[in-house]
There are 2 protein chains.
Amino acid sequence: MKGIRQLAEHLDISIGTVSRALNGKPDVNEETRKRVLAAAEELGYVANQSGRSLRQGTTNVIGLMIESSKETIEDSDNFFLGLTGGLQSVLARHKLDLIMLPCPNDEDPYEYLKRMVARRVVDAMIISATQRVDRRIDLLSKAKIPFASLGRSLSSGNSSWIDLDFDGVVNCAVDRLVAHGHRRIAIAAPSSDINLGYIFLDGYRHALERHGITYDPSLVIRVKTSEQGGYQAGHALLQISNRPTAVILIYELMAIGLYRRLTEAGVIPGRDLAVIGFREEPRAKFLQPTLTCFRMSLRDLGAELAETLLATMPAYSHFYPNSARNMIWPLKLIPGESDSFHLMAAE
Amino acid sequence: MKGIRQLAEHLDISIGTVSRALNGKPDVNEETRKRVLAAAEELGYVANQSGRSLRQGTTNVIGLMIESSKETIEDSDNFFLGLTGGLQSVLARHKLDLIMLPCPNDEDPYEYLKRMVARRVVDAMIISATQRVDRRIDLLSKAKIPFASLGRSLSSGNSSWIDLDFDGVVNCAVDRLVAHGHRRIAIAAPSSDINLGYIFLDGYRHALERHGITYDPSLVIRVKTSEQGGYQAGHALLQISNRPTAVILIYELMAIGLYRRLTEAGVIPGRDLAVIGFREEPRAKFLQPTLTCFRMSLRDLGAELAETLLATMPAYSHFYPNSARNMIWPLKLIPGESDSFHLMAAE
DNA sequence: CATAGGATCGTAAACGTTTACGGGACGCGT
DNA sequence: ACGCGTCCCGTAAACGTTTACGATCCTATG
C-alpha cells in the first residue's frame, strides 16, 4: 500500500473524493464513504503524515520536552509517565498525539528546543522544569509556537503555565510544625536554578515571619532532589550547632536518604526530628515512621495542563474562553507519623 | 522566516543551490556555501521537516515506544531516561533524532504502534517489554520497518534484539545461595506476560536441577515488579509452610517492600532470609542490610541497542556488517550483605 | 419545458523540500 | 578556432496529501 492514489485507483474513484471520504468532509455520498473506509481498512491505508502536514501546515502532534540531564524535581520516577497519561486523556479528544522529546545530555536544551521547533514537527510544546529565567520561553514566544510550561518563571510574561502550590505547601508545613511547638525549622531546597526552589524558599521565609520566627540562613540546606541529596541533607543537619527540631523537604524521595543518615547517627526520625515531605512518592510509602507529606494527582495535573495548552492554540481556543491561563495547582496534606511523634508521646 | 524560497530570494540565489549548500552537497562553490550558511543562521532558517521527509521518504527520526500502563520491569522513567541517553549518544553521530512514543493507557499497544508506523513519522522503531508472543514484532516485520526490541520473544524470528542475561543472573544467584548452604530458594517473578519472566523461571528451574534440588512450584511467587509487589511477595513468603531460607527477586525495587513486610513480621532480611535482587536501582541503595544485586549500565545498553538498530537499517547497514543482531547483555554481580549474613555470622 | 439548486464528484493547484538534468562559463590542449 | 572537461548554478519535477473550484447529474418547482 503506497498512498492515497493507489487506494483511489483500486476503488476507481478520484483521489479527491477518497480524501474527503476519509476526513469526514460533507461533500461525499454516504455509500461511497463506506466503501472508501472499508477499502482503507482492508488495504491498511493510513495517511502519510508528511504529506498531510505539509499541505495543511499542521502536524496534530504535541511535544513534551524532557531534560534527563537536569537535576530537577521532575527528573525521576514516574513523573513524566504519570503526566503523559493525563495529557493524553485530554489530547486524544481532539485527535492530537503526544510525543516526548528527550534533550540529549550533551546538547544545550535551548538549542535542542530551537531545532525541534524550527523543523515544525509539533504544533505546540509543553516544557517543564522551568528555570528562574528561562530562555526557552522567549524562544517559543518569539517563534509564535503555542506552549504551556509546568512551572512559572520570571520569563513567563503573559504565557500560560501551571505551577505547583509550593507557597501554600510550605506555609501549611510551617504552620503545622509551629503548632507542634517547633521553632527551629530547617528546609532542604534544590541546588539547581529551578524556579520553584525560589518560590519554596520565599514561602518559607514568609511563613516564618508570620510566626515571628527570625530567619536563619544556616537552616537552609541546598542539595540535589534525590535520595543522595536527602542523605547529604541529613548529614548537613547533624552538623548544625543547636540542631533544628524539624525539617521540610522539597521532595519526598529525599526522605529515604535522610532517614538513613539519621538512623546511622542514632537520631530517630519523627521522634528526634520532625520531617515533612512533598508530593506523595510511592517509593517512600514504606518508610517508618510514615511520612507526612503533600499529595497531588499527576494524572489530573496532566489533564489540566493539556487544557491550558489547548487554550493557547488558535485552532482549539474556541473551546476554551480565556487564552492565557495561569494556575496554582493545590496539594493535599496527607498526615503521617513523621511530624507528630511529639503529640503521640505527649498523650 | 518562511521557507527556503525566502532564503533564496534574500540571497538572490536559486532555491536549488541553497538546498545543496545547506545539505553539504558537492556541486556548490565554497564561498557561496559560506554565504548561505551565514544567512540561514542569521534568519534562523531550519528546513521544514514535512517537506524534507515527503521528498526523500525518510524522517531521520527513531521512535522508542513506551507503555506506561504495562506493569513491567521497564516501567519507570529512570529506565527510559537512562536508556535514551545511551541511544542518543550513538544516534546523534548519524544525525538521527530520538522521540519517545508513549502509548495511551486506554489504547491497545498494537493499534497504537500500527498507527504510528503507518503515518511514517519514524524511520525505525525500538520496542521494549516484549511479551512472550508479541504481535508488534509481526507487525513491524510485515510493514518492513527496521526495528530492534529490548527483550527477545517467541515472535522474534530473525529480527534483532538485545536481551538482559536473566538466565545467567538467576544461575549465578542460585549458585551463590547454594554455596551459602541454602536449599529452599524462593523466587519472585512478574505476574505479567512479559517474556523475561519465562526466561527467568526457566533459568531458575535449570539451576536448581543442576544442583540436584527438586523444583517446588509453591516457591514461585508471582507479583508486580514494584515495592508493592515486593511487599506482597514478603507476605506470601511468610505464609509458606517450611519457610524458604532465601529469595531471588526479579526486580530490585521489590526489595524495599519486601524488607518492610519482613521487618513487620520480625524477620530480619539477610539473617533470617537471604535476598538477592537484580539491576542496581539507586532507590534501593539505602537499604539495610545492603542488597546483593546484579548491575548493568543503562547507558551502555542504550548505545548497544542503537547500534543493533542501525544495523537493521538499509541506509546505515554498511557501517555494521551483519544485519540481524542478537545479544545477551551481561550483568555484573555486586555483593552486598543481604545474602551473606550466614557467612558473616559463621566467622 | 426550462431552470434553479442541491448533491456528488473530478481536476488541479498548493504546501516546502530535494535532486536529476541540463546549460553556461571558463580553462586547457590540440 | 575548436573540442572537451570541470565547476557551478538554475530549472523543474516529484514526494503524498488537502481543498478550492468547477463540472455533472438529478430533482423539484415555476
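Each chain gets a letter, A, B and so on, in the order the sequences are listed, and its residues count up from 1.
Heavy atoms of A/S53 sit nowhere under 4.0 angstrom from any nucleic acid atom. Residue contacts for B/S50: at a heavy-atom cut-off of 4.0 Å it reaches no nucleic acid atom on any strand shown.
Atom P of nucleotide C/dA7 and atom CD of A/E30 are separated by 12 Å, given to the nearest angstrom. As rounded to whole Å, 11 Å separates atom P of C/dG10 from atom CG of A/L11. The distance between atom CD of B/E31 and atom C1' of D/dC9, rounded to the nearest whole Å, is 14 Å. Counting to the nearest Å, the P atom of C/dG16 and the CD atom of B/Q6 are 8 Å from each other.
For the pairing with B/S155, the side-chain contact (heavy atoms from CB on, under 4.5 Å) check across B/N195, B/L139, B/T130, B/I137 returns one residue only, B/I137.
In this structure, CD in A/Q88 is found 5.0 Å from CG in A/L98, a value given to the nearest 0.5 Å.
A/R115 has a carboxylate O that lies under 4.0 Å from a charged side-chain N of B/D97, or vice versa, which qualifies the two as a salt bridge. Under the 4.0 Å criterion applied to side-chain N and carboxylate O atoms, A/E30 and A/R33 are assigned as salt-bridge partners. Residues B/D163 and B/R152 are paired through a salt bridge, judged by an N-O separation under 4.0 Å between the basic side chain and the carboxylate.
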Nucleotides 17-24 of chain C: protein proximity per nucleotide (B base, S sugar-phosphate only, - neither; heavy atom, under 4.0 Å): BBBB----
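The closest donor-acceptor contact from the side chain of B/E307 to the backbone of B/E304 lies at 3.5 Å or more, if one exists at all.
Between B/N29 and A/L54, the residue anchored closer to the 5' end of DNA chain D is B/N29, taking for each the nucleotide with the nearest heavy atom.
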